Amino acid sequence: AAPAAAAPAAPEPEPEPETEPETEPETAPNASEAEAAPPQLPAALAALLATAVPKAARKAKRVAQDEQNAILDAVRRHRGRPSSDVVLPALDVQAEQWADAVADVVAEAYAAGRASTGADPDPAPETHDLAVELAGGLVSSLRARLVAAIDDGPELGADTNPGIIERVSARYREWKTQWAESELSDLVHAAHARGVLDAVGEGTVLHWVTPPDGCSPDCADNALEPPPAGPPFPPGAPAPPAHPGWRGLPATSEAVSVS
């Protein structure tokens with residue numbers, strides 16, 4: 001008998017179609033979340049910090065170099081060990097000299113602060129006196145280090161002028177490499193804040209812009225309870241910044257954006 005025919009093979013099952021994983025629909029942040037977002041640094045000030053501060057630092061470093069050369073020359077020519085009040089220029093003279101280096105960035109930051117409130121930018125306010133004032137604050141910390149470099153150390157008469165020259169040079173070198181841009185950023189924040197405060201009416205309640213990584217307790221307190229323009233800001237400063245590195249900033253509602 002003939003062998004039976006083999007049964008046909010069963011067809012392979014078709015693969016199931018792939019399905020996209022379900023994703024949660026994106027939702028816009030609710031109003032309370034938007035209100036909780038911190039106000040951001042005004043764009044004009046952020047641009048100044050990025051571009052004008054390095055430019056001002058170059059000018060200030062040239063002023064510092066000229067000043068250093070004059071002080072070292074005075075130390076070399078002095079008979080015996082000099083004291084700081086003999087070889088350092090008077091603080092008001094220093095402030096005028098350094099004001100030339102920061103005049104442009106002070107004027108720009110002050111104008112940006114005024115403009116952020118919606119104030120009319122014309123005519124541009126005179127900012128020379130403000131530049132001298134802020135330059136005096138800028139050089140005061142360096143001056144304190146120079147006074148210590150000259151007057152402290154070994155007992156009077158036991159030190160040599162080369163030792164003083166070395167310490168003075170070190171203080172200027174430290175300022176140029178470690179402190180210049182940070183302290184000039186303080187100056188720009190101060191000029192911007194002054195522009196805001198001069199433009200708004202006394203008693204105007206201001207927003208308080210703080211950096212994303214936080215700030216000092218006094219600065220954070222101002223953010224929780226925005227202070228009015230006019231009275232001293234906590235902790236008793238007439239205008240920000242209240243201390244080196246202070247990054248809190250008064251601003252009107254027109255000046256801030258919410259992320």
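Keep in mind that this is a model prediction, so the values were computed, not measured.
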Quiz prompt | Nearest heavy-atom neighbours spanning Ala56 and Leu184 | solution = C-CD1, 4.0 Å

Quiz prompt | For the student: nearest non-hydrogen atoms of His189 and Leu49, plus distance | solution = CE1-CD1, 3.6 Å

Quiz prompt | Shortest non-hydrogen separation from Val63 to Ala101 and the atoms involved | solution = CG2-CB, 3.8 Å

Under 3.5 Å, which donor-acceptor pairs link side chains of residues 124-132 to any protein atom two or more places apart or in another chain?
unit_1 : atom_1 : unit_2 : atom_2 : d
Glu126 : OE2    : His128 : N      : 2.7

Quiz prompt | Residues which pass side-chain contact (heavy atoms from CB on, under 4.5 Å) with Asp104, listed by chain and number, not counting sequence neighbours | solution = Lys59, Glu108

Quiz item: Which atom names give the shortest non-hydrogen contact between Ile165 and Arg76, and what distance separates them?
Solution: CD1-CG, 3.6 Å

Quiz item: With a 4.5 Å heavy-atom cut-off, do Val102 and Leu187 have their side chains touching?
Solution: yes

Quiz item: Roughly how far, to the nearest 0.5 Å, is the CG atom of Leu146 from the CH2 atom of Trp175?
Solution: 11.0 Å

Quiz item: If every non-hydrogen atom of Gln68 is compared with every non-hydrogen atom of Ser169, which pair is closest and at what distance?
Solution: NE2-OG, 3.4 Å

Quiz item: Can you list the residues that meet the side-chain hydrogen bond (donor to acceptor under 3.5 Å, both in side chains) rule with Ser141, with sequence neighbours excluded?
Solution: Glu183

Quiz item: What residues, two or more places apart in sequence or in another chain, satisfy salt bridge (charged side-chain N to carboxylate O under 4.0 Å, His left out) together with Asp73?
Solution: Arg77

Self-check item: Selection residues 64-97 - residue pairs positive for ring-ring contact (aromatic ring centres under 6.0 Å, His included), sequence neighbours left out
Solution: none

Quiz item: Counting distance only, does the side-chain N/O of Lys176 pair as donor-acceptor with the main-chain N or O of Lys61 below 3.5 Å?
Solution: no

Only distances under 3.5 Å count here; give the side-chain donor-acceptor pairs of residues 84-99 to other protein atoms, sequence neighbours excluded, each with its distance to 0.1 Å.
unit_1 : atom_1 : unit_2 : atom_2 : d
Ser84  : OG     : Asp151 : OD2    : 2.6
Asp85  : OD1    : Ser83  : OG     : 2.4
Gln94  : OE1    : Arg143 : NH1    : 2.6
Gln94  : NE2    : Glu67  : OE1    : 3.1
Gln94  : NE2    : Glu67  : OE2    : 3.0
Trp98  : NE1    : Glu67  : OE1    : 3.0

Quiz item: Is there a donor-acceptor pair closer than 3.5 Å between any side-chain N or O of Asn161 and the backbone N or O of Val75?
Solution: yes

Practice problem: Would you give the length of the straight line joining atom OH of Tyr172 to atom CG of Leu142, rounded to the nearest 0.5 angstrom? | Solution: 5.5 Å

Quiz item: Under 3.5 Å, side chain of Ser182 to main-chain N/O of Trp179, donor-acceptor pair present?
Solution: no

Practice problem: Find out whether Arg81 and Ile164 are in side-chain contact, i.e. whether some heavy atom of one side chain is under 4.5 Å from a heavy atom of the other. | Solution: yes

Quiz item: What is the minimum heavy-atom distance between Ala149 and Arg171, and which atoms define it?
Solution: CB-CG, 3.9 Å

Quiz prompt | Glu166 CD: over 12 foreign heavy atoms closer than 6.0 Å | solution = no

Self-check item: Backbone of Val188 reached by a side-chain donor or acceptor of His192 within 3.5 Å
Solution: no

